[in-house]
Structure formats: structure tokens, C-alpha cells
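Just so we're clear, the structure is a prediction, and the values are computed from it rather than from any experiment. Per chain, numbering begins at 1; letters A, B, ... match sequence-line order. Computed from heavy atoms alone, side chains included, the values below leave out hydrogens, waters and symmetry copies.
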Protein chains: 2
Amino acid sequence: MKEMVALQKFISLKGLRRSKPREWILEIFLGIERHVSIDELWAEVRKKYPSVGYATVYRTLKLFCEGGLCREIRFEDNTTRYEHLYEHEHHDHLICTRCGTMVEVRDDNIEKLQNKLMKHYGFLPEYHRMNLYGICKACRTA
Amino acid sequence: MKEMVALQKFISLKGLRRSKPREWILEIFLGIERHVSIDELWAEVRKKYPSVGYATVYRTLKLFCEGGLCREIRFEDNTTRYEHLYEHEHHDHLICTRCGTMVEVRDDNIEKLQNKLMKHYGFLPEYHRMNLYGICKACRTA
DNA sequence: CTCTATGCAAAACCTTTGCATAGAA
DNA sequence: TTCTATGCAAAGGTTTTGCATAGAG
């Protein structure tokens with residue numbers, strides 16, 4: 001898949017070396033659509049490739065971030081998670097405070113106003129994080 | 001001050017007890033307008049009240065949060081900080097990626113769109129966190 | 001008196017690193 | 001061969017807790 005190509009390209013570019021563990025971790029990571037923590041990803045990787053160590057997953061995720069394949073996100077509940085980034089558009093999150101469900105959203109009007117707001121305060125916009133918390137439909141009708 | 005009254009009220013309500021350390025910590029906390037980490041606050045508290053322990057500051061900040069006096073915020077750079085909340089309006093942050101300067105802002109149009117967005121996805125809005133990152137004027141002209 | 005609050009130190013976590021060995025190029 | 005990558009274990013940080021004592025009600 002194209003992410004694997006992007007990874008190998010990035011690896012060559014940096015003068016690093018291809019390796020099986022990196023390919024395995026990317027394969028498993030891409031197969032999970034949720035945002036995963038290192039622990040969760042490690043557990044999943046080990047199911048199929050038991051030899052992989054925690055530190056490798058840790059270092060590999062950092063490498064993926066550098067290579068533009070994923071993004072680290074820190075939530076209010078003290079957890080650090082990683083989400084797919086490669087060819088994914090920028091998006092924000094709606095998070096259910098009951099069940100934890102997360103929906104990726106994007107609203108161009110909000111984006112515009114955010115940039116306008118930054119400019120108004122003299123900032124050159126770079127990026128942003130917006131998490132909207134509430135109770136999802138399923139939880140409200142349950 | 002009114003925050004002190006609110007604190008004592010909250011303490012009675014919960015069947016807890018008043019104490020000097022709690023008053024001291026609140027006094028120092030309110031005197032700092034920046035967002036502080038536990039360490040920073042502890043250092044400031046000790047300057048005036050050397051007997052106070054780290055764990056007390058830690059537990060007291062949690063208590064303040066419960067009592068609606070402060071809010072814990074976790075930033076992308078892995079730091080946990082606390083900001084005043086009592087009778088402070090909701091606000092978001094503009095953060096300079098060069099110097100770390102933080103500006104508190106509020107944009108009602110954005111707020112409205114955020115609520116609209118949540119409702120569109122079936123969420124009952126509760127609260128949100130929005131951090132906009134960029135380069136501030138001072139850093140750009142420096 | 002009774003039960004909470006505190007300070008200290010240690011435990012529990014999570015993140016990051018050092019090092020000897022395996023593996024790419 | 002020469003470096004990088006890996007797994008393990010241990011080190012670093014930070015957050016949280018246990019416990020004996022002080023203190024509030």
C-alpha cells in the first residue's frame with residue numbers, strides 16, 4: 001500500500017534501513033482505524049508477531065510521525081494516542097464523554113474563522129487541535 | 001476574595017475541613033495569572049510558606065478543580081497546567097510555537113458553529129478544548 | 001475524641017535510553 | 001564490514017498513594 005511506499009521512501013531519505021518490524025508495525029497500525037496507544041498497538045502487533053518489543057513500537061511510532069504517517073495526540077484523560085495521518089485530511093474530534101466514541105469531523109467555516117481569529121491577534125496560523133466533548137446519540141437514547 | 005468564599009463553601013458542602021495550606025495555596029494560585037504546573041506552583045507556595053509539601057499542592061489542585069476553581073489543561077508538549085476558572089468565562093488558546101506565549105480568546109461565532117457541528121452529528125454539546133498554534137507577531141518580526 | 005489534612009517517602013505509571021546482539025546494505 | 005535496528009532491562013519523569021502525625025470541628 002501507498003503508506004508502505006511512503007515509509008520506505010522516508011527511510012531511504014534519512015539514510016536508515018528497512019526492517020521487518022517496521023513493516024509489521026505499519027501493517028498492524030494501518031489495520032486499526034481507532035486512535036491507538038502504544039500499549040494497544042504493541043498488544044496487537046504481538047498477536048501476529050510475538051517477537052516485537054515495546055521499545056520498537058515506541059521508536060517506530062515516533063519514526064512514523066516524523067515521516068508524516070501518523071500524528072501523536074494527547075487527550076484530556078492523560079492518554080497519548082496515535083492516529084493515521086498519511087493522505088488523511090486535517091480533522092478535529094467529537095468525543096462522547098460517556099462511551100468514548102470519537103468522530104472525525106471537519107468544518108470549513110470553523111477553519112476559516114480560526115484563521116481569521118489568529119490573524120486578528122497577529123499570529124501566523126500553523127495548526128490547531130479542537131476536541132468537542134458531549135454525549136452521543138446512542139448514549140442519550142440508551 | 002470571592003474564590004476563597006467559594007472554596008470554603010465547597011469544603012463545607014463536601015464535609016471536609018478548612019485548613020491553612022489550602023488557603024495559602026489558593027492565595028498563591030490566584031496571584032499567578034499564567035497557567036501553572038504543579039511544580040511551579042509548589043515552588044511559589046514554598047517561597048512564602050516553606051512547610052507545604054508537594055503532595056498537598058497536588059491534592060489541593062485536584063480539590064480546586066472539583067470545586068470549580070480551576071481547570072486542568074494538558075498541552076501538546078506533554079505538560080499539565082492549571083488555569084483559573086472561577087467566574088472566568090470559557091475561552092480557548094492561541095499558542096506561539098516559537099516563544100510559547102499564550103493568549104486567551106473567545107469567538108462566539110466559532111462557539112456557535114461548534115455547537116451546530118455537534119448537534120449535526122447527534123451530540124449533546126458539553127464542553128470543548130481548542131488550541132490554535134502559530135507564530136506570534138513578536139516572533140515574526142524579531 | 002473523631003475523622004480529615006498534611007508531609008514524607010515510596011509506589012505506580014508511562015516514557016525514554018543504554019547496551020549487547022541481530023540484521024541491513 | 002560497517003552501521004542501523006532490535007529487545008531487554010533499566011533509568012527518568014511525573015503522577016498518585018500509604019502511612020504516621022498534626023490539626024480541625
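Following rounding to the nearest Å, B/K20 (NZ) and C/dT6 (P) show an atom-to-atom distance of 12 Å. For B/L7 and C/dA5, the CG to C1' distance is 13 Å, given to the nearest whole Å. Here C/dT4 presents its C1' atom at 12 Å from CG of B/L63, a figure rounded to the nearest Å. Rounded to a whole Å, the CD atom of A/Q8 is 12 Å from the P atom of D/dA5. Remark: C1' of D/dC8 and CZ of A/R46 are 11 Å apart, rounded to the nearest angstrom. Taking atom CH2 of A/W42 as the reference point, atom C1' of C/dC14 lies 13 Å away to the nearest angstrom. Nucleotide D/dA5 holds its P atom 13 Å from the CZ atom of A/F64, rounded to whole Å. Per the geometry, CD belonging to A/E23 stands 10 Å off P belonging to C/dA24, to the nearest Å.
Applying side chain to side chain contact (heavy atoms under 4.5 Å, CB included) to A/I110 and the options B/K112, B/E111, B/Q114 leaves one that passes, B/Q114. Applying the side chain to side chain contact (heavy atoms under 4.5 Å, CB included) test between A/R129 and each of A/H93, A/R71, A/R74 identifies A/R71 as the sole match.
Remark: A/R106 CZ is packed, more than 12 non-hydrogen atoms of other residues, nucleotides or ligands lying under 6.0 Å away. Annotation for B/H90: atom NE2 counts as buried by contact number, over 12 foreign heavy atoms lying within 6.0 Å.
By the 30° and 60° cut-offs, the orientation of the rings of A/Y133 relative to B/Y127 is parallel. Taking the six-membered ring for Trp and thresholds of 30 and 60 degrees, B/Y49 and B/W24 have nearly parallel ring planes, at less than 30 degrees apart. Classified by interplanar angle (parallel below 30°, tilted 30° to 60°, perpendicular above 60°), the ring pair B/H84/B/H88 is perpendicular.
Within the 4.0 Å cut-off from OP1 or OP2 of C/dT6, at least one side-chain nitrogen or oxygen of B/R22 is found. Checking the phosphate oxygens (OP1, OP2) of D/dT6, a side-chain nitrogen or oxygen of A/S19 falls inside 4.0 Å.
For the helix from C/dC1-D/dG25 to C/dA25-D/dT1, the angle separating the two terminal helix axes comes to 30°, with each axis derived from five pairs and the value rounded to 10°.
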Test side-chain contact (heavy atoms from CB on, under 4.5 Å) on A/K62 and A/Y82; report intermediate values, then the result.
CA-CA 10 Å; A/K62 298 279 177 203; A/Y82 295 82; 3.8 Å; yes
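No side-chain donor-acceptor contact under 3.5 Å links A/W42 to the backbone of A/T56.
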Sequence-aligned protein contact record of nucleotides 14-23 of chain D, with B where the base is within under 4.0 Å of a protein heavy atom and S where only the sugar-phosphate is:
-BBBB----B
